[in-house]
2 protein chains.
Amino acid sequence: MNTQNLERNAHEWCRMEATSRQLAALAHPARLSILNQLAAADACCVKDVVGRVGLAQSTVSQHIRILVDAGLVTYRANRQASAYALDRAALHALSGEIDALFETCCGTGCERCDR
Amino acid sequence: MNTQNLERNAHEWCRMEATSRQLAALAHPARLSILNQLAAADACCVKDVVGRVGLAQSTVSQHIRILVDAGLVTYRANRQASAYALDRAALHALSGEIDALFETCCGTGCERCDR
DNA sequence: GACTTTCATCGTATATCGACGATTTACGAT
DNA sequence: ATCGTAAATCGTCGATATACGATGAAAGTC
């Protein structure tokens, strides 16, 4: 790869890195399950999630932390029942990024894609 | 988690596992970059990808294999210039899965979401 | 004050990932 | 037959991910 290409693709690469970070946060069945549960309730405490996914409390706490760090879940501290909720704006943004990727993939003419 | 919930969520969990496997395949900047390049060309050989992402040939080969194993990329064997291409149908299916997840998240009424 | 509940964090063990160089395989060209 | 190229695979390593139990900290209950 020559230097010009490196520079030309710098922004693109950076964006992909950010997107892949969020995708990595999604890429675990337990975390998808957690997101699913957070979607059902307006807000959720850790204890409820623990009962659902069947993992140890410390493990669930870690998974939720990963989602928070990725910016997909918001956190309102409350010692007795910390309230976690989906960051719907962030999920929409990620959805847009993914759509953009698939748009590109269908840009040259895809019979299955009407975009 | 009681047994009833375990059984009730079995299918759901299985689906999430499958989805998370594909998301994991997407969750790396190099692989997003590879997908992007495959999107531009109708088909692509490994060498071209190597030039673009600036990684060793063996590394690129591994990344592509991950995409193929995840069912996101198709492979037409040709010793001199193996042709890889996006599996557009699979990408559409994954997009649908992701949309379903976000749909659920906005199901209880999201002012930002018109779905 | 003692106890319980809820949650975060630490430490640890194990498994998987990511990158590379080296090697192997297959083919076309000379 | 030999060489060069393209690609897959192997082996290795450091880094990261995943899971757990143990421990600690805050807040409510007796």
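Note that the structure is a prediction, hence the values are computed from the model and not measured.
Counting only distance, with no hydrogens or angles, the side chain of A:S95 and the backbone of A:L91 share no donor-acceptor pair below 3.5 Å. Judged by distance alone, with hydrogens and angles left aside, the side-chain atoms of B:T74 form no donor-acceptor pair with the main-chain N or O of B:D87 at under 3.5 Å.
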- Could you encode protein contacts along nucleotides 14-21 of chain D as a string, one character per nucleotide from 5' to 3', using B for base contact, S for sugar-phosphate-only contact and - for no contact, with a heavy-atom cut-off of under 4.0 Å? ----SBBB
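C:dC17 atom P lies 19 Å from atom CZ of A:R21, rounded to whole Å. Summarising the geometry, the separation between OH on B:Y84 and P on D:dA6 is reported as 15 Å, rounded to the nearest angstrom. Atom NZ of B:K47 and atom C1' of D:dG4 are 13 Å apart (whole Å). Between B:D48 atom CG and D:dT5 atom C1' there is a gap of 14 Å when expressed in whole angstrom units.
A close approach under 4.0 Å does occur between a side-chain nitrogen or oxygen of A:R65 and OP1 or OP2 of C:dT9. For D:dA8, one of the phosphate oxygens OP1 or OP2 lies less than 4.0 angstrom from a side-chain nitrogen or oxygen of B:Y75. Side-chain N/O atoms of B:S61 include one lying less than 4.0 angstrom from OP1 or OP2 on D:dA8.
Note that the SG atom of B:C44 and the CD1 atom of B:I64 stand 8.0 Å from one another [nearest 0.5 Å].
The side-chain heavy atoms of A:M16 and B:N36, taken from C-beta on, include a pair separated by under 4.5 Å. Side-chain contact between A:L26 and B:T19 is absent, with no heavy atoms from C-beta onward closer than 4.5 Å.
Not a single salt bridge (charged side-chain N to carboxylate O under 4.0 Å, His left out) links A:D48 to another residue, sequence neighbours left out.
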